[in-house]
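Report on the structure given below.
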Amino acid sequence: MEDNLKNEIIEVSTKIYQFSELGSEERRSSEFLVNMLKSHGFKVEYPYLGMETAFRAEWGEGKPSVGLLAEYDALPNSHSCGHNLIAAWAYGTAVLLSKELKRGKVVVFGTPDEEAFGKYAGSKAVFVEKGAFTDIDFVIGVHPMDKWSVGGKTFAEISFQAIFKGKASHALNLPEKGINALDALVSSYVAINNMRSWITYDKHAIISMVIKEGGKISSIVPDRAVLEIDLETSSKEFLKSLENKVLSILQGVSQAYGTGLEIEYLQPIYENYNPNKFIDEVMENYLKEVGIEVLNQDKENPLIFSVTDEANVSKVVPTGHLDIGIGYPGIPLHSDDFREAANPQKAGGSLITGIIVAARSIEKIFSDKELLKKIRITFEQSIR
């Protein structure tokens, strides 16, 4: 890779890092990526699928075709999940391939709000529902992590808010005239939390809750309280069962306290990941060739430690995944430490390596018709 392109990729990642826009609000980030891709001859549809900060950028034509997943949303403590690196990886891989491939098509999918903050939450699930990948032979996604790895295992996840609607009153002299929405929320929180003993270990269920609203002043009976609930399990089927039990608790408690109840879903269901071993093995081999120790999660890792809407993509098109090693072993995602590690001035070397490995892997797959067949057959067998 030429030094000019390396510098350009680092600059792209740095700009996204500095913009640090929350999900569904990534206007500067998406526009910047679109303009940069256009400057390299990519045809761009932007906005895309009715989402202001989504895009599709395409180079080449015909077959084979590869999709690259770009994320660029930040968290409240900035890019503490490293999506600035994901955006620059997709950009750099696509541009490098556009200069080297003799045939085929490269498509960058700009996918907003993986962290599920706004109206485009879980945009890849919308991409799937609207058929964005029907002309794509295979997809590759990446994520920065504490170690280099390929493949993936993820929880299925659903996220929603329970909005309790009560009646305000003076908390001192006429509390009986009010209906305390916060009391209903707290009782629901405790009841849902106590469900953990019902869940068998093999379902690997996680219940996460946070009170988003609980009243405005202690002298007024709270007439509105909001509980945000995330449910994650290793089985999508069990997730639906868990969701139904949680909804039953919320409805029962609300009825007992006399509050109104509104359920507002914050994102589509994030699926369990469906890895493609052949795509992952190609990337694993290239990593080993350049002397990088790599974990193959498809074969070696029994643990599940993440959720992502990339998993939804893996259900409709063969999908490989690469984790780019940054920071130190055990560094936690979404932390201030990870934000610092994702700074392109520190992570730039790993980013460039991830781009070269992905590009070489894609070139190999494009040139090997038998490998492409294996990738497709394995995928079709996995979704039966």
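No hydrogens, no waters, no symmetry mates; every other heavy atom, side chains included, goes into these values. Computed from a predicted structure; not experimentally measured.
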query: Are Tyr270 and Thr308 close enough that a side-chain donor and a side-chain acceptor fall under 3.5 Å?
result: no
query: Without hydrogens or angle criteria, can the side chains of Asp113 and Ser24 be said to hold a donor-acceptor pair below 3.5 Å?
result: yes
Least distance between heavy atoms, Ile10 atom then Gly348 atom: CD1-CA, 3.5 Å
query: Would you say Phe379 and Leu68 are hydrophobically clustered, going by side-chain heavy atoms of ILVMFWY under 4.5 Å?
result: no
- request: Quick one: closest heavy-atom pair of Ser350 and Trp148, and the distance?
  value: O-CH2, 3.4 Å
query: If we ignore angles and hydrogens, is there a donor and acceptor under 3.5 Å between the side chains of Glu71 and Thr111?
result: no
For the student: nearest non-hydrogen atoms of Asp298 and Gly152, plus distance: OD1-N, 3.4 Å
- prompt: Is a donor on one side and an acceptor on the other found under 3.5 Å between the side chain of Lys124 and the backbone of Asn312?
  reply: no
message: Under 6.0 Å between ring centres: does that hold for Trp59 and Tyr91?
response: no
- request: Using a 4.5 Å cut-off on heavy atoms from C-beta on, say whether the side chain of Phe160 contacts that of Leu247.
  value: yes
query: Hey, is the main chain of Glu114 close enough, under 3.5 Å, to the side chain of Asp73 for a donor-acceptor pair?
result: yes
- prompt: Is it the case that one hydrophobic cluster holds both Val210 and Leu22, taking links as side-chain heavy atoms less than 4.5 Å apart, direct or via other members?
  reply: no
- prompt: Under 4.5 Å between side-chain heavy atoms, hopping through other hydrophobics if needed: is there a path connecting Val226 to Ile211?
  reply: no
message: Test question: given the 4.5 Å side-chain rule for I, L, V, M, F, W and Y, name all other residues clustered with Val316, or answer none.
response: Tyr48, Leu49, Met51, Leu69, Val107, Phe109, Tyr120, Val126, Phe127, Val128, Phe133, Ile136, Val139, Val313, Val317
message: For a quick check under 3.5 Å, do Asn274 and Ser382 share a side-chain donor-acceptor pair by atom type?
response: yes
- request: Decide if atom NZ of Lys167 counts as having more than 12 heavy atoms of other residues, nucleotides or ligands within a radius under 6.0 Å.
  value: no
field: CD (Glu289) with more than 12 external heavy atoms under 6.0 Å
entry: yes
- prompt: Do Lys63 and Asp137 meet the salt-bridge criterion of a basic N to acidic O distance under 4.0 Å?
  reply: yes
query: Does Ala90 offer a backbone N or O that forms a donor-acceptor pair with the side chain of Thr93 under 3.5 Å?
result: no
- line: For Ile220, the other hydrophobic cluster members (4.5 Å side-chain criterion, sorted by chain and number) are Ile217
message: Walk me through whether Lys288 and Glu284 qualify under salt bridge (charged side-chain N to carboxylate O under 4.0 Å, His left out).
response: CA-CA 6 Å; Lys288 289 178 177 177; Glu284 178 186 13; 3.1 Å; yes
task: Return yes when atom NZ of Lys177 has more than 12 non-hydrogen atoms of other residues, nucleotides or ligands closer than 6.0 Å, and no otherwise.
output: no
task: Taking all non-hydrogen atoms of both residues into account, name the closest pair between Leu37 and Ala57 and its distance.
output: CD1-CB, 3.6 Å
message: If you compare all heavy atoms of Gly215 against all heavy atoms of Pro222, which two are closest, and at what distance to 0.1 Å?
response: CA-CB, 4.0 Å
field: More than 12 heavy atoms of other groups within 6.0 Å of Gln381 CD
entry: yes
- prompt: Can any side-chain N or O of Ser30 pair as donor or acceptor with the backbone N or O of Arg27 at less than 3.5 Å?
  reply: yes
field: Distance, nearest 0.5 Å, that separates OG of Ser361 from CZ of Phe138
entry: 9.0 Å
task: Apply side-chain contact (heavy atoms from CB on, under 4.5 Å) to Leu5 and list each qualifying residue two or more places apart in sequence or on a separate chain.
output: Met1, Glu8, Ile9, Val95, Leu96
- request: Give a yes or no on whether the backbone of Pro112 and the side-chain of Ser123 come within a donor-acceptor separation of less than 3.5 Å.
  value: yes
- request: State, with a plain yes or no, whether a side-chain heavy atom of His321 is found less than 4.5 Å away from one of Val150.
  value: no
query: Thinking salt bridges, do Glu380 and Arg384 make one under a 4.0 Å N-O criterion?
result: no
task: Kindly compute the distance separating CD1 (Ile263) from CG (Leu266), expressed to the nearest 0.5 Å.
output: 10.5 Å
- prompt: Are any side-chain N or O atoms of Ser235 and backbone N or O atoms of Phe238, one a donor and one an acceptor, separated by less than 3.5 Å?
  reply: yes
message: Is there a continuous path of hydrophobic side-chain contacts, each under 4.5 Å between heavy atoms, that joins Tyr265 to Val307?
response: no
message: Given 3.5 Å as the limit, does a donor-acceptor pair link the side chain of Asn180 with the main chain of Val221, or not?
response: no
message: For the residue pair Tyr72 / Glu21, report whether a side-chain donor-acceptor contact shorter than 3.5 Å exists.
response: no
- request: Check the surroundings of atom CD in Glu45: do more than 12 heavy atoms from other residues, nucleotides or ligands lie under 6.0 Å from it?
  value: yes
message: Taking the side chain as everything from C-beta on, heavy atoms only, tell me whether Phe55 gets closer than 4.5 Å to Glu31.
response: no
- prompt: Going through the checks in order, is the salt bridge (charged side-chain N to carboxylate O under 4.0 Å, His left out) test met by Glu370 and Lys373?
  reply: CA-CA 5 Å; Glu370 289 304 311; Lys373 286 181 183 178; 3.7 Å; yes
- prompt: Within a radius of less than 6.0 Å around NZ of Lys105, do more than 12 heavy atoms belonging to other residues, nucleotides or ligands occur?
  reply: yes
Side-chain ion pair, Lys236 and Glu157, N-O less than 4.0 Å: no
query: Any chance the side chains of Ser306 and Thr154 put a donor and an acceptor closer than 3.5 Å?
result: no
query: Can you tell if the side chain of Ile365 reaches within under 4.5 Å of the side chain of Phe278, non-hydrogen atoms only?
result: no
query: Any idea which heavy atoms bring Asn77 and Ser335 closest together, and the distance?
result: ND2-C, 3.8 Å
- prompt: Are side-chain heavy atoms of Ile324 and Met145 found at a separation under 4.5 Å?
  reply: no
- prompt: Asp323 side chain to Val142 main-chain N or O, any donor-acceptor pair under 3.5 Å?
  reply: no
query: Ion pair present between Lys277 and Asp280, side-chain N to carboxylate O less than 4.0 angstrom?
result: no
field: ILVMFWY network linking Phe117 to Phe19, side-chain heavy atoms under 4.5 angstrom
entry: no
query: Can you check whether Ile16's main-chain N or O pairs, donor with acceptor, with His79's side chain at less than 3.5 Å?
result: yes
message: Would the distance check show the side chain of Asp230 and the main-chain N or O of Ser159 forming a donor-acceptor pair, the cut-off being under 3.5 Å?
response: no
query: Would you say the side chain of Lys99 lies within less than 4.5 Å of the side chain of His40, judging by non-hydrogen atoms?
result: yes
- request: Go through Lys299 and Glu281 one step at a time and tell me if the salt bridge (charged side-chain N to carboxylate O under 4.0 Å, His left out) criterion holds.
  value: CA-CA 10 Å; Lys299 301 174 182 177; Glu281 284 175 358; 3.3 Å; yes
Heavy-atom side-chain contact between Lys245 and Ile192 under 4.5 Å: no
